[in-house]
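Chain letters run A, B, ... following the sequence lines, proteins first, then strands; residues in each count from 1.
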2 protein chains.
Amino acid sequence: MPVSIAEVAARAGVSQGTVSKVLNGRVAAQIALATQERVKIAASELGYHPSAIARGLAGKRLDTLGIVFAQGNTFFATSPYFAAILDGILEVVTRAKQNTMLFTGQVWSDARQGLPILRDGRCDGLLLISPPAESDIVPALLEAKLPFVLVGDINPHPLVTSVDVDNVMGARKITEHLISLGHRRIAYLCGPPTVSSVSQRLQGYQDAIEADGIEFDLSLVMPGAYLQESGYERARELWRLPADQRPTAVFCGNDLIAIGAMAALHDLGARIPQDISVAGFDDIPSAATSQPSLTTMRQPMHLLGQHAAARLLALIQATEEPGFKEVLPTELVVRGSTAPPA
Amino acid sequence: MPVSIAEVAARAGVSQGTVSKVLNGRVAAQIALATQERVKIAASELGYHPSAIARGLAGKRLDTLGIVFAQGNTFFATSPYFAAILDGILEVVTRAKQNTMLFTGQVWSDARQGLPILRDGRCDGLLLISPPAESDIVPALLEAKLPFVLVGDINPHPLVTSVDVDNVMGARKITEHLISLGHRRIAYLCGPPTVSSVSQRLQGYQDAIEADGIEFDLSLVMPGAYLQESGYERARELWRLPADQRPTAVFCGNDLIAIGAMAALHDLGARIPQDISVAGFDDIPSAATSQPSLTTMRQPMHLLGQHAAARLLALIQATEEPGFKEVLPTELVVRGSTAPPA
DNA sequence: CTGTTAGCGCATTCAG
DNA sequence: CTGAATGCGCTAACAG
């Protein structure tokens with residue numbers, strides 16, 4: 001139903017090839033100005049717009065970036081982290097006049113099953129939002145030769161481009177903050193062990209602990225999910241420990257966990273930060289408004305998205321070589337949820 | 001680079017047409033079971049997946065829905081309303097194994113300019129997130145014969161399908177709540193006058209006011225934007241009124257405005273709800289955690305998204321006729337920001 | 001300077 | 001039951 005290039009050609013009294021050249025600005029193939037005029041007028045009179053899929057088939061860019069993520073059944077509501085990253089991506093994408101495809105049906109654990117749809121020609125490149133380390137999607141994509149960049153994750157492969165924060169350092173700094181307040185027994189409530197940020201933050205936590213001569217106690221490391229409910233449950237478990245084994249502070253793998261943990265501790269009658277300090281990671285919007293406000297390690301999520309999108313664009317235009325691993329800094333934000341132990 | 005149907009055909013020793021028939025389950029054109037087997041095996045061995053754009057060009061569905069919205073430069077961060085709707089949409093879309101395109105470059109005021117990209121063949125239908133009433137996008141889409149549904153807006157045209165809440169009733173109910181507390185002088189801080197929800201809520205507000213014999217005072221209606229900053233500014237203006245003309249309560253067009261207004265009032269030394277009551281609309285997540293918690297009219301944003309996506313799917317599959325105007329109920333949520341006047 | 005031709009990968013007639 | 005031919009709308013050589 002939409003007007004095709006043939007109609008424009010007919011109205012301008014030229015061939016399709018000519019229309020294509022004029023409209024794509026291939027001035028290289030010199031075309032009489034008068035003809036150019038005629039074509040342009042015909043096109044605009046007809047309200048012509050090329051079919052994206054047809055030009056895609058013919059081998060041109062689609063000016064479309066794909067965003068891949070998997071979050072079970074819910075998305076933004078449960079992941080302010082993802083929402084902020086997406087926000088950053090969209091800013092850059094919109095400014096660059098590109099479009100966006102959202103792939104929500106992925107199962108990270110099985111790229112063989114989900115990959116085809118990612119490379120069936122609909123987008124020029126992919127942005128992967130923190131896939132778990134054990135997913136086979138990265139090798140699959142590498143093999144498919146589709147440009148992509150990892151966001152919120154890094155990968156040792158020399159051809160994988162990524163944008164992430166320094167999780168090890170971030171976790172180390174916030175743990176040091178806790179130590180500097182006088183805490184010696186600090187728990188780590190983390191996300192799923194297969195996600196790389198979880199192990200990296202564990203590393204930073206352990207580094208800080210040991211640098212201070214505190215013994216690393218694995219029983220204080222409690223894996224779960226990056227969700228509020230998980231924080232709630234783990235904190236309850238923590239509180240079941242004999243009083244002399246209870247930590248005086250807890251570092252949570254992200255703010256969602258921290259907020260859940262604070263809720264549980266509150267329900268159990270513990271006062272924060274008097275009885276126990278709680279620290280998070282990310283600095284999502286609600287960290288500032290929680291009760292008490294949450295001490296956390298801020299991640300520039302918006303920037304993460306912006307930079308990742310910009311890099312993918314550069315990769316697609318071959319302006320940049322793949323393989324760069326960009327690391328953004330984090331920032332300690334001290335609020336009301338941490339204080340010296342009683 | 002990806003494997004094409006020709007390769008599958010070659011490997012199975014049949015023609016492309018046969019492969020297409022087998023893989024698309026056109027058992028109508030009876031094909032020997034042995035052949036079917038051979039084709040299927042060849043396809044899976046080769047890891048074949050059809051090119052979406054090629055089959056799109058050949059006239060098939062792309063299994064892709066487009067989501068259109070325009071929010072200036074920022075998106076989710078500034079619009080929890082939109083994020084919640086998107087969440088609902090994605091749930092349905094993911095379950096239906098469809099994909100999603102996000103169109104962020106639209107300028108509602110000029111559909112002629114932005115429309116082409118929406119109908120260049122990349123998606124089977126469109127979801128429009130509350131376009132302003134005066135936008136010419138609806139007539140343009142109607143003319144283009146592309147299935148679409150309006151979310152968070154309604155349109156009188158008999159062929160336009162939409163999903164929205166009853167804004168008039170919602171605004172009326174919450175205004176009545178304020179009146180029942182004893183307020184007689186109630187301001188309305190609203191969003192941009194061109195958005196239909198703004199005028200509908202104004203209607204409900206006015207209905208409630210007048211039903212109670214209170215004189216409608218246009219100077220208490222303050223238009224702005226659906227943003228926190230706007231609420232902040234308008235509330236300051238409000239406070240500049242001579243003490244005897246100040247309202248004792250303010251109904252805000254959405255929660256963002258309400259939160260901004262509460263911040264301004266707080267900064268000006270007013271106590272909420274003792275000195276002035278504040279009510280919002282939407283019930284975004286932060287409404288429950290604000291200080292004080294916000295009384296508001298809850299909108300089932302998640303459902304809005306789910307239903308809209310389901311209807312669009314039905315429209316595309318021609319399971320449903322266009323034109324249905326679905327209206328979802330709102331629910332009054334009384335919290336700490338409203339109380340009887342001093 | 002411009003028209004013609006040949007695919008891109010797939011679905012779909014229409015003949016056998 | 002299966003193959004060959006055609007076209008979807010567009011771009012990119014290649015001729016003139």
- Note on the structure: Atom CZ of B/Arg38 and atom P of D/dC1 are separated, to the nearest Å, by 14 Å

- Distance, rounded to the nearest Å, where B/Leu62 contributes CG and D/dG9 contributes P: 14 Å

- Message: Strictly by salt bridge (charged side-chain N to carboxylate O under 4.0 Å, His left out), give each pair with a member in residues 300-315 of chain A just once, sequence neighbours left out.
- Response: A/Arg311-A/Glu320, A/Arg311-A/Glu326

- Pick the nucleotide of DNA chain D nearest each of B/Leu57 and B/Gly13; which residue has the one closer to the 5' end? B/Gly13

- Would you check if the side chain of A/Asp124 reaches a backbone N or O of A/Arg61 as a donor-acceptor pair within less than 3.5 Å? no

- Task: Grab the two heavy atoms, one from A/Tyr226 and one from A/Ser197, that are nearest each other, plus how far apart they are.
- Result: OH-OG, 2.8 Å

- Query: Got a second to check how far B/Leu115's CG is from B/Gln106's CD, nearest 0.5 Å?
  - Reply: 7.5 Å

- For B/Glu37 and D/dC1, what is the distance between atoms CD and C1' respectively, to the nearest whole Å? 17 Å

- Task: Grab the two heavy atoms, one from B/Met301 and one from B/Ala84, that are nearest each other, plus how far apart they are.
- Result: CB-CB, 3.7 Å

- Task: Indicate yes or no: does A/Arg95 engage A/Glu91 in a salt bridge with an N to O separation below 4.0 Å.
- Result: yes

- In whole Å, what is the span from the CZ atom of A/Arg122 to the C1' atom of C/dC8? 17 Å

- Note on the structure: With B for base contact, S for sugar-phosphate-only contact and - for none (protein heavy atoms under 4.0 Å), nucleotides 10-16 of chain D reads BBBB---

- Is a donor on one side and an acceptor on the other found under 3.5 Å between the side chain of A/Thr94 and the backbone of A/Leu90? yes

- Item | Passing option when B/Ile129 is tested against B/Leu304, B/Leu150, B/Ile67, B/Asp153 for side-chain contact (heavy atoms from CB on, under 4.5 Å) | B/Ile67

- Hey, does the side chain of A/Thr35 come within less than 4.0 Å of C/dC1's phosphate (OP1/OP2), counting only N and O? no

- Task: Specify the separation, in whole Å, of atom CD of B/Gln36 and atom C1' of D/dT2.
- Result: 12 Å

- Message: Using C1' atoms of five pairs at each end, report the bend of the helix from C/dC1-D/dG16 to C/dG16-D/dC1 rounded to 10 degrees.
- Response: 50°

